[in-house]
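Have a look at the structure below before the remarks.
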Amino acid sequence: MFGNLKTQPADKILMLMQLFKDDPRPTKIDLGVGVYKNAKGETPIMRAVKAAEKQLWEQETSKSYVALAGDPGFADAMINLVLGNAVDRGNVSAAATPGGTGACRQAFEMARMANPDVRVFVSNPTWPNHLSILKHLGIETVTYRYFDNGTRGVDFEGMLEDLAQAKPGDLVLLHGCCHNPTGANLNLAQWQAVVDVLLKTGATPMIDIAYQGFGDGLEEDAAATRLVASSVPEMLIAASCSKNFGVYRERTGILMAVTADKGLSTLTQGTLAYLNRQNYSFPPDHGARLVTMILNDDALRADWAAELEEVRLSMLGLRQQLADELRKLTGSDQFGFIAQHRGMFSRLGVSPEVVSQLRDDHAIYAVGDSRINIAGLNKETVPALAKALHKCGV
Ligand code: LMR
């Protein structure tokens, strides 16, 4: 039986993690996988997470199952974090999932249950695993224009034109903030125009929000999701706690469904719980419990938000430093976009040959589409990257 299996393509981001690990060069720089690193190259446990973990160790008396959709307290806390007061709580159903990836997977499955012919509109480019999961599920994808390689900004006109082709029963996947892999984002006026197109087409939006707090701030990064949620009759939201709580390996995420009708909310809540049961039964609880404790405790929440803000500002500083270094070396502002982009990533827009040269000649690891993880840099390595890029002829 197993002889019938086909070799599956390796995930390009995860493959890069291994290549980096195996590289013996002491000066190597990892700008690959989207994991936050501080100036020492470490991915620390956030202070509030550690404090919550200590409390939990003292207080937790059972490891018995919680609920198929996870702890309702986690759902309440996360709905509040992502949606604020944008919609009535009674119109939102939610289920905890293993990370944001789990939420995406469940969202696609739920959309297919609702419409077996669903097409999912995805930005060009999008996070490669979106495409991989959709392909695995046999769901048709339609690409909409997004990144303009000339300006390294958003091809907004092209995006609107392509989104206008969606129809009722289609799912339109949007990145709520900090677009992965490009770092190029819409402003709120542009989001409003996207909402108008969505309403015209009758398609259902799905927002993947995996980096809330990494772009312009916790509230600012949620503004687009809130705008969409308060404007459309139905939507899905896949939210991840991996990055903004730094709980990557705990697999902490949530899928929310917003409906105009409270009766529908009961139906979607049941579907979310059913999907959890079919795929893995109960979702992981540890990370979700920590997140709930932090969000519900004023002191822990304030400390978490402060540390997240430090992380955000340090990435902004590195963006500015890299843009400045490249301006000095190239004598042009062609890399000024790096300071404008937001989130963990920027797509540099350089060729795959340059990406290979960076790796082979300079031990600098970026994803093949020239996505760099800004948090993989520090004040000392920014000039090294700028020099290496310049040596590669950019
Ligand atoms: C990334 O884009 O690097 C992260 O979301 C990690 C992953 O699982 O790919």
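Counting starts at 1 for both ligands and their atoms, following the listed order. Quick caveat: nothing in here was measured; it's all calculated off a predicted structure.
Heavy-atom separations between Y248 and ligand 1 are all 4.0 Å or longer. Within the 4.0 Å heavy-atom cutoff, N129 does not count among the residues contacting ligand 1.
Below 4.0 Å from some heavy atom of I13 lie the following atoms of ligand 1, by number and element: 2 (O), 3 (O), 9 (O). For ligand 1, the atoms closer than 4.0 angstrom to any heavy atom of V33 are 3 (O), 6 (C).
The nearest pair of heavy atoms linking A229 to M235 is CA-SD, 3.4 Å.
Judged by distance alone, with hydrogens and angles left aside, the side-chain atoms of K243 form a donor-acceptor pair with the main-chain N or O of G34 at under 3.5 Å.
Figure legend: cation-pi geometry between K28 and F20, with NZ or CZ positioned under 6.0 Å from the six-membered ring centre and within 45° of its axis. A cation-pi contact, defined as under 6.0 Å to the ring centre and within 45° of the axis, links R371 to F345.
Scanning all protein heavy atoms for the shortest distance to atom 8 (O) of ligand 1 gives W127 CZ2, 3.6 Å.
Residue contacts with ligand 1 for N180 involve side-chain atoms from C-beta outward but no N, CA, C or O (heavy atoms, distance under 4.0 Å).
Comparing K12, R371, K243 against atom 5 (O) of ligand 1, the shortest heavy-atom distance belongs to K243.
Screening R152, H179, R319 for a side-chain hydrogen bond (donor to acceptor under 3.5 Å, both in side chains) involving S346 leaves a single residue, R319.
Salt-bridge formation is not detected for the pair K37/E42: no Lys NZ or Arg NE/NH1/NH2 atom is positioned less than 4.0 Å from an Asp or Glu carboxylate oxygen.
For the pair G34 and ligand 1, the shortest N or O to N or O distance falls below 3.5 Å.
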